[in-house]
Number of protein chains: 2
Amino acid sequence: MGRIMDNLESRCIRSGLKMTDQRRTILKVLEGAEDHPSVEMVYERARSQNPSISMATVYRTLNLLDELGVVIRHDFKENFSRYELNAEHHDHLIDLETGDVIEFQDGELEAIKERIAREMGYDLVDHRLELYGKRKRS
Amino acid sequence: MGRIMDNLESRCIRSGLKMTDQRRTILKVLEGAEDHPSVEMVYERARSQNPSISMATVYRTLNLLDELGVVIRHDFKENFSRYELNAEHHDHLIDLETGDVIEFQDGELEAIKERIAREMGYDLVDHRLELYGKRKRS
DNA sequence: CTAGCTGCAAAACATTTGCATTTCG
DNA sequence: CGAAATGCAAATGTTTTGCAGCTAG
């Protein structure tokens, strides 16, 4: 540990955030997450490490981190949001049967997105691509 | 008119839906929409043609139409849903400055989406691609 | 010390639902 | 007539916020 967390922490501090226990805990939860946790999940995991943390703080913190670009907020076809640390760009494939979220990256795809935006007279600021599928039988 | 609406209506009837004034009005609103209206907007437009229509009915109807595949529900990066008639497939570019939603279609892109899902061992059931951009200057 | 955080509970929003009544077929 | 649809108001689930007290820097 240490390396990544320090980077995260210092990035937050450089952005003018105060480092409280709650925030440190939330960052640690995000760091350790191998999935794309919902706010509820971040809350529960944080709470198990540090019971004195409230839902409101989790929401406020995730919103801040999102604005700073430290995390990415996802709104898949569900009625709640999920978050993940903002690492290298990738897209998502959602398994419709299990709800699993699988990451993937495809250079050709990235190039095409850029091209399309450009052709339409736009600078691409952000984008999202989600594939929803069922595991192939046989 | 007539042609499209009859198709819509008969499609609904064939699916076992009763054709009420409210539903006819909502279908007409969707037919006339050149944008991607929110539920609130569908409600207001429907209401101006037929004041005896309630929000609950708009929600219930749009959900039904979505299940039947008559409309497509979009959840862009906003905190509400938008709907449009289910015509030929296309993706969306959202203008971050004006909020305008622009449709586009790109065959190469479609092929790549299929390929990626296949390579990962999935059958593509649904997908969404949204580009968020700012109009190029100069 | 004090701007910024926090917890709590209440509010805000979009959306759904229970129920009594009306309507389509 | 009977199943399905409607309006209304209340309930829901997620996310936000006002406020008084706490804490990092």
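What you see below is based on every heavy atom in this structure, not just the backbone, and it leaves out hydrogens, waters and symmetry mates. Letters go in sequence order (proteins before strands), and every chain restarts at 1.
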Sugar-phosphate atoms are those with a prime plus P, OP1 and OP2; base atoms are the rest. Using that split, label each nucleotide of nucleotides 20-25 of chain C B, S or - for protein heavy atoms under 4.0 Å, 5' to 3'.
----BS

Could you encode protein contacts along nucleotides 8-19 of chain D as a string, one character per nucleotide from 5' to 3', using B for base contact, S for sugar-phosphate-only contact and - for no contact, with a heavy-atom cut-off of under 4.0 Å?
B-----SBBBB-

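Under the side-chain hydrogen bond (donor to acceptor under 3.5 Å, both in side chains) criterion, B:R23 pairs with no residue, sequence neighbours left out. Remark: B:F76 pairs with B:H74, B:H92 by the ring pair (Phe, Tyr, Trp, His ring centres under 6.0 Å) rule, at least two apart or across chains. In terms of the ring pair (Phe, Tyr, Trp, His ring centres under 6.0 Å) criterion, residue partners of B:H127 (sequence neighbours excluded) are, by chain and number, B:H89. Residues satisfying the side-chain hydrogen bond (donor to acceptor under 3.5 Å, both in side chains) criterion with B:E130, sequence neighbours excluded, are A:R128, B:Y132. In this view, B:N86 satisfies the side-chain hydrogen bond (donor to acceptor under 3.5 Å, both in side chains) rule with no residue, not counting sequence neighbours.
Between the C1' atom of C:dG4 and the CD atom of A:E67 lies a distance of 15 Å, rounded to the nearest Å. Summarising the geometry, the separation between NE2 on B:H74 and C1' on C:dA14 is reported as 18 Å, rounded to the nearest angstrom. Atom CD in B:E78 sits about 16 Å away from atom P in C:dC13, given to the nearest Å. Following rounding to the nearest Å, B:L64 (CG) and D:dA3 (P) show an atom-to-atom distance of 19 Å. In this entry the distance linking NZ of A:K77 with C1' of C:dA14 reads 18 Å, nearest Å.
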Donor-acceptor list for residues 60-70 of chain B side chains, cut-off 3.5 Å, not counting sequence neighbours:
residue, atom, partner, partner atom, Å
B:T61, OG1, B:T57, O, 2.7

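Counting only residues at least two apart or in different chains, salt bridge (charged side-chain N to carboxylate O under 4.0 Å, His left out) contacts with residues 116-127 of chain B comprise A:K77-B:D126, B:R115-B:E119.
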Could you check B:M55 against B:V39 for side chain to side chain contact (heavy atoms under 4.5 Å, CB included), going step by step and ending with a plain yes or no?
CA-CA 8 Å; B:M55 208 47 183; B:V39 181; 4.1 Å; yes

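For C:dG7, one of the phosphate oxygens OP1 or OP2 lies less than 4.0 angstrom from a side-chain nitrogen or oxygen of A:Q22.
Direction change of the helix axis from one end of the helix from C:dC1-D:dG25 to C:dG25-D:dC1 to the other is 40°, with five pairs defining each end axis (rounded to 10°).
In this structure the side chain of B:D75 never reaches within 4.5 angstrom of the side chain of A:D75, judged on heavy atoms.
If you chain together ILVMFWY residues whose side-chain heavy atoms come under 4.5 Å of each other, B:L129 ends up grouped with A:L93, A:I102, A:F104, A:L109, A:I112, A:I116, A:M120, A:Y122, A:L124, A:L129, A:L131, B:L93, B:I102, B:F104, B:L109, B:I112, B:I116, B:M120, B:Y122, B:L124, B:L131. Applying the under-4.5 Å side-chain rule to Ile, Leu, Val, Met, Phe, Trp and Tyr, the cluster around A:F80 consists of that residue alone.
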